[in-house]
Number of protein chains: 2
Amino acid sequence: MNPLYLQVKKRITESLAEGLWNPGQSIPSEVELAQSFSVSQGTVRKAIDELAAENILIRRQGKGTFVASHDEEGSQLRFLRLTSTQNNKENLDNHLVSFTKEKATNKIAKSLGVNIGTTVVSIKRVLTFNQKPLILDFIKVPASSFRKLTSEMIVEKKGAMYRMYETEFGIQMLRAQEKIRAVAADADTSELLGVKKNTPVLSVERISLTYSDKPIEWRLGLCLTENHHYASELD
Amino acid sequence: MNPLYLQVKKRITESLAEGLWNPGQSIPSEVELAQSFSVSQGTVRKAIDELAAENILIRRQGKGTFVASHDEEGSQLRFLRLTSTQNNKENLDNHLVSFTKEKATNKIAKSLGVNIGTTVVSIKRVLTFNQKPLILDFIKVPASSFRKLTSEMIVEKKGAMYRMYETEFGIQMLRAQEKIRAVAADADTSELLGVKKNTPVLSVERISLTYSDKPIEWRLGLCLTENHHYASELD
DNA sequence: GAGTGGTCTAGACCACGGC
DNA sequence: CCGTGGTCTAGACCACTCA
């Protein structure tokens, strides 16, 4: 039999996935949860500890425990690892290049866990920092999960995709896996990023996951790393 | 005043840094530590929990708590994030290109926390996977910390640097920070890696740290990413 | 069976936030 | 002041390892 605290963690996670408690809001207090699960407070604590370590819950002493949200000050760029090498403050801007629907290729279908040929929304955009192009993004999400998604919404939301997924579609991006390579910019890429053809660019391929490790988004970012770098901590 | 468990953690960390307990060996049991610190077992537990989460200690149920070591099965490549995209098993080999001593430049000095002009050991090597060149590494360490380091040792140890730092010099690599970019291979790099000049390569710049976040090694890896990628988990 | 880490409990008290 | 999460304790029992 599983340890009790893992069962509690599972039940809390299920409630979160069901949307019983909304992002940014508080969940019941530890004592309340302990009572409703008929366990001690320490056991609930250990369950919440793990969820907090996974950035799914956020503890605030004296206030309560909250559901993590992308719709908050300072948590928008949680998954952007690219930072300025000079450490300046920068203004990020989003420029939509194209917004289409298409059929999932074999690769995209596998990444998103859908069948080949399933309709996906395909977004192409350029992110600029201080007016200069920095990242060319290709984003693909299953159309079925994002029925009312329009190009206007993306522009209006200023490209804060995960925030939009959360507030507009009730889909919470929890974690992601990235594969990073160095590639040469093709003609299209070089033009959009304003560099010469074959300039080396950082290729960052991302699969974003929600509860139960369900994929919700595939993304490919092509980044200029003349004045920026991808930061990674190892331990 | 700091929480008790953080004081305990600090004292345990100090003992580790002093080399009181050696890598791969077990530290005293939780009850013993609790007695010697005059705290409850739960408090020691919380301190060890954090050190285990940082991969500094390793718990083994029924056996004890051990000091993490690079000199163990399966922990040699703990910090190598580059993996085959095809997921094959691969044989890693180490080819020393050059081994010299030189004066630290401004940049290296800053990275290693030493004065400009301090003598550093400079290692240049090529890592091959399945006989093919994959990574060109530039490694620089302060000569003062590695007095008896010779090129023969590196060859003999098959390039397992962190293992060698630990077993031969008593220096434990605990964590690292990496900055990743895409750059074009210069003439020298392209020749050593067996690719055309200006091929895009992944530039991975690493600073390795030991206790108290003291830098022990600066490293630049230039990696081919035709059939490999750098894997990164975000949460 | 003895010794280790792992789980669980119950209760006390502390630190912080907000009414 | 009360309710929240954070710390600390003491003790019971479980699960695993090894002699």
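Proteins come first, then strands; the chains are lettered A, B, ... in the order of their sequence lines, and each starts at number 1.
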K.L.:
Between C:dC16 atom P and A:Gln61 atom CD, what is the distance in whole Å?
P.N.:
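These atoms are roughly 6 Å apart.
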K.L.:
Starting at the 5' end of DNA chain C, which residue's closest nucleotide do you reach first, A:Lys63 or A:Leu6?
P.N.:
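Final value for this comparison: A:Leu6.
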K.L.:
Can you measure B:Leu51 atom CG to C:dG5 atom C1' for me and round it to whole angstrom units?
P.N.:
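In whole Å, C:dG5 C1' and B:Leu51 CG are 15 Å from each other.
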K.L.:
Do any side-chain nitrogens or oxygens of B:Thr43 fall under 4.0 Å of OP1 or OP2 in D:dT9?
P.N.:
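For D:dT9, OP1 or OP2 has a side-chain N or O of B:Thr43 closer than 4.0 Å.
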K.L.:
Taking A:Glu50 first and then A:Lys46, would you say they form a salt bridge - that is, a charged N and a carboxylate O separated by under 4.0 Å?
P.N.:
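Result for this pair is no, no salt bridge flagged.
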K.L.:
Taking atom P of D:dG5 as reference, at what distance in whole Å does atom OH of B:Tyr5 sit?
P.N.:
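It is 16 Å, rounded to the nearest whole Å.
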K.L.:
Which one, C:dT4, D:dT9, C:dC8, comes nearest to the side chain of B:Ser40?
P.N.:
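For the B:Ser40 side chain, the nearest candidate turns out to be D:dT9.
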K.L.:
Looking at C:dT4, I'd like to know if its phosphate oxygens (OP1 or OP2) sit under 4.0 Å from a side-chain N or O belonging to B:Ser26.
P.N.:
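Indeed not, no polar side-chain atom of B:Ser26 lies that close.
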K.L.:
Less than 6.0 angstrom from the centroid, inside 45 degrees of the normal: does A:Arg60 satisfy that with respect to the ring of A:Phe66?
P.N.:
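Yes - A:Arg60 lies over the ring of A:Phe66, closer than 6.0 Å to its centre and within 45° of its axis.
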K.L.:
What's the closest nucleotide to the side chain of B:Glu30 if the choices are D:dA10, C:dG6, D:dG6?
P.N.:
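My answer, after comparing the listed nucleotides, is C:dG6.
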K.L.:
Please tell me which of A:Gly62 and A:Lys46 maps to the more 5' nucleotide of DNA chain C, matching each residue to the nucleotide holding its nearest heavy atom.
P.N.:
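Nearest-nucleotide comparison on DNA chain C picks A:Lys46.
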K.L.:
Measure from the side-chain heavy atoms of B:Arg59 and tell me the nearest of C:dG6, D:dC8, C:dA15.
P.N.:
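Nearest listed nucleotide: C:dG6.
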K.L.:
Take the protein atom CG of A:Asp49 and the nucleotide atom C1' of C:dG6, then report the distance between them rounded to whole Å.
P.N.:
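Between C1' of C:dG6 and CG of A:Asp49: 15 Å.
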K.L.:
If we check side chain to side chain contact (heavy atoms under 4.5 Å, CB included) with A:Asp93, which of these qualifies: A:Thr128, A:Leu134, A:Leu127?
P.N.:
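Answer to the side chain to side chain contact (heavy atoms under 4.5 Å, CB included) test with A:Asp93 among A:Thr128, A:Leu134, A:Leu127: A:Thr128.
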K.L.:
Rounded to whole angstroms, how far apart are CD on A:Gln41 and C1' on D:dT4?
P.N.:
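In whole Å, D:dT4 C1' and A:Gln41 CD are 10 Å from each other.
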K.L.:
Check the pair B:Leu202 / A:Leu202 against side chain to side chain contact (heavy atoms under 4.5 Å, CB included), numbers first and verdict last.
P.N.:
CA-CA 8 Å; B:Leu202 200 67; A:Leu202 201 67; 3.3 Å; yes
K.L.:
State which of D:dC8, C:dG5, D:dT4 makes the closest approach to the side chain of B:Thr65.
P.N.:
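Looking only at heavy atoms from C-beta outward on B:Thr65, the closest nucleotide is C:dG5.
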K.L.:
Nearest-Å distance, CD1 (A:Ile58) to P (D:dT4)?
P.N.:
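A:Ile58 atom CD1 is separated from D:dT4 atom P by 19 Å.
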K.L.:
For B:Phe66 and D:dT17, what is the distance between atoms CZ and C1' respectively, to the nearest whole Å?
P.N.:
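After rounding, the gap between these two atoms is 10 Å.
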K.L.:
Using the side chain to side chain donor-acceptor pair (under 3.5 Å) criterion, which residues pair with B:Arg125? Sequence neighbours excluded.
P.N.:
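Partners of B:Arg125 under the side chain to side chain donor-acceptor pair (under 3.5 Å) test: B:Asn94, B:Asp137.
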K.L.:
Between D:dT9, C:dG6, D:dG6, which nucleotide gets closest to the side-chain atoms of A:Arg45?
P.N.:
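It is D:dG6.
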K.L.:
Using OP1 and OP2 only, check whether a side-chain N or O of A:Ser29 sits under 4.0 Å from D:dT4.
P.N.:
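Yes.
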K.L.:
Whole-Å distance between D:dC8 P and B:Lys9 NZ?
P.N.:
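To the nearest whole Å, that distance equals 13 Å.
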